[in-house]
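Every number for a ligand or one of its atoms is a count from 1 in the order of the listing. Index from 1, following the sequence.
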Amino acid sequence: MDTISRNTDSELVSESTRLVYEQLMVDGKVKAGLKFLEKDNENTAIEQIAITEIPSPTFQEQKRGLDYQRRLKEYGLQNVEIDHQGNVFGIRPGTGKGPRLVVSGHLDTVFPAGTNVKANNQNGIIFAPGIADDGRGLASVLTLLRAIEKAGIHTIGDIIFGATVGEEGLGDLNGVKALFENHKDIDGFISIEPGAPERIIYLATGSRRYHVTYTGAGGHSFSDFGKPSAIHALGRAIAKISDIQTPSDPKTTFNVGTIKGGTSINTISASAEMLIDMRSVSPAALSELEEKVLEIVKNAAKEENKRWETNEIQVDIKLVGDRPAGTQPKESIIVQSALASAAALGFKPILEEAGSTDSNVPISLGIPAATLGGGGDFGGCHTLEEYFDPTDAYYGVQKIFLTILGLVGVDKLSQPLLSKRP
Ligand SMILES: [Zn+2]
């Protein structure tokens with residue numbers, strides 16, 4: 001681990017970045033930090049379980065947030081505060097005049113209140129809803145903070161460690177949006193999600209999400225036969241949406257994720273609703289798809305009314321999700337640092353396809369940001385069968401550790417690669 005690996009794609013990593021990483025990799029304190037992360041692997045997994053077992057559905061992250069605040073304080077972070085949105089962040093000041101980098105996981109999970117989140121260890125593999133997404137990110141932030149503290153590393157830039165709320169689903173990135181609204185002095189952002197050490201997400205998929213509700217008078221299925229049905233209108237819409245063709249490049253997708261409605265088997269339904277998710281890396285392709293879907297949704301009400309010669313069925317369309325799309329070049333310093341860090345650990349770095357994570361917001365604002373994998377094997381994210389295997393997971397956090405140090409600079413060793421915003 002003392003030299004830059006031969007795997008480095010020299011065309012991808014600039015000479016100046018590579019030189020910084022050569023300096024970092026031979027430093028005693030940096031080596032001590034890397035060693036600490038390896039030794040802390042099991043402890044990190046234990047903490048990951050403890051955090052995961054505190055239920056934290058989107059919009060109900062308070063309990064886990066308080067617990068997380070306590071942990072951040074315990075490991076020496078200063079001014080650890082919960083903001084009005086529910087984000088928890090504290091600062092580890094640098095020696096001064098350096099850039100300000102945020103390192104963050106997300107507190108929320110997709111699992112509703114009442115979900116059994118107790119961890120179940122099967123031959124070393126931990127099963128629990130949310131254990132990877134984003135139990136891994138939250139535990140990664142804490143072990144990284146400990147490693148920098150224990151190794152006695154003085155950074156030049158400030159590092160803001162913590163976690164956001166509202167990353168998943170209808171949270172609509174409300175945590176990270178508030179963070180960037182209230183802090184105009186953030187120069188870079190790293191989001192930690194489950195993922196392999198070599199993978200780097202640096203492009204942002206945009207999404208638009210709608211809550212659509214059909215309503216009508218309803219009635220008895222036999223005696224009121226002839227009245228339009230909200231469920232039938234919904235069915236018409238879904239059938240047509242299912243047939244839409246979207247481009248694979250730029251990747252553009254749609255999904256009706258949930259449906260709800262009706263009263264009983266023998267009631268003409270008075271209400272039916274669905275949630276629709278649309279995504280694309282291209283803002284233009286996304287709005288084209290959105291236009292088609294909204295047209296279908298409105299027409300379905302008309303068609304159901306026409307079938308029964310009435311105008312009883314109404315449709316209400318509510319925008320419930322708007323995540324910005326964005327791109328940055330491979331030459332962006334945060335991408336460079338992550339690539340060089342992965343290579344320094346002997347991995348062949350892979351630039352991932354666009355993602356939809358907290359990094360979308362800074363990327364859309366032109367602030368260098370990347371979503372990096374916390375290491376370990378994982379699967380079943382967003383399902384009740386979600387699992388995490390902590391074997392060798394420390395490689396993920398080691399990669400992030402090096403990325404952070406390169407970006408903020410280390411006192412008397414390396415200048416920050418990340419620039420302060422003008
Ligand atoms: Zn996540």
Side-chain angles (χ1 to χ4, degrees), residues 44 47-49 51-61 64-65 68 85-89 102-112 115 117 126-144 161-179 189-197 199-207 209 255 257 277 279 321 323-324 338 352-363 369-390 393 396-397 399-400:
T44 302
E47 192 162 42
Q48 189 171 332
I49 292 170
I51 294 168
T52 303
E53 288 184 340
I54 303 170
S56 194
T58 306
F59 302 120
Q60 298 168 58
E61 302 99 336
R64 187 182 281 186
Y68 205 67
Q85 196 74 38
N87 299 313
V88 185
F89 283 102
V102 174
V103 179
S104 172
H106 63 83
L107 289 165
D108 61 322
T109 74
V110 297
F111 303 100
T115 304
V117 289
I126 309 155
F127 286 82
I131 187 72
D133 188 5
D134 196 19
R136 185 59 194 167
L138 295 169
S140 296
V141 169
L142 297 173
T143 188
L144 283 163
F161 287 99
T164 58
V165 293
E167 195 273 344
E168 298 285 5
L170 298 180
D172 206 25
L173 308 181
N174 65 31
V176 71
K177 282 176 183 168
L179 181 73
F189 183 86
I190 293 174
S191 158
I192 309 179
E193 291 274 357
R199 297 187 174 271
I200 300 158
I201 297 175
Y202 71 109
L203 301 171
T205 314
S207 68
R209 292 162 166 179
N255 180 52
D277 168 270
R279 302 183 187 217
R323 293 169 179 242
E352 281 267 36
E353 64 174 295
S356 177
T357 68
D358 273 347
S359 293
N360 279 44
V361 170
I363 291 171
T371 296
L372 304 178
D377 190 23
F378 65 95
C381 286
H382 294 198
T383 75
L384 295 174
E385 283 73 46
E386 186 168 344
Y387 69 87
F388 182 77
D389 181 352
V397 278
K399 192 273 286 283
I400 301 168

Aromatic contact between Tyr387 and Phe127, with the criterion being ring centroids under 6.0 Å apart: yes or no? yes
Every N, O or S from the protein that is nearer than 2.8 Å to the Zn ion (ligand 1): His106 NE2, Asp133 OD1, Glu193 OE1, Glu193 OE2
Going by the side chain to side chain contact (heavy atoms under 4.5 Å, CB included) test, name the single residue among Ile400, Thr371, Asp358, Val397 that passes it with Ile192. Ile400
Donor-acceptor pair between Glu61 and His106 side chains, under 3.5 angstrom: no
Evaluate Ser104 against Ser191 for side-chain hydrogen bond (donor to acceptor under 3.5 Å, both in side chains), listing each step before the verdict. CA-CA 5 Å; Ser104 172; Ser191 158; over 6 Å; no
Between Arg64 and Asp108, is a salt bridge (charged side-chain N to carboxylate O under 4.0 Å, His left out) present by the stated rule, with each step listed? CA-CA 9 Å; Arg64 187 182 281 186; Asp108 61 322; over 6 Å; no
Side-chain (Asn360) to main-chain (Thr357) donor-acceptor, under 3.5 angstrom: yes
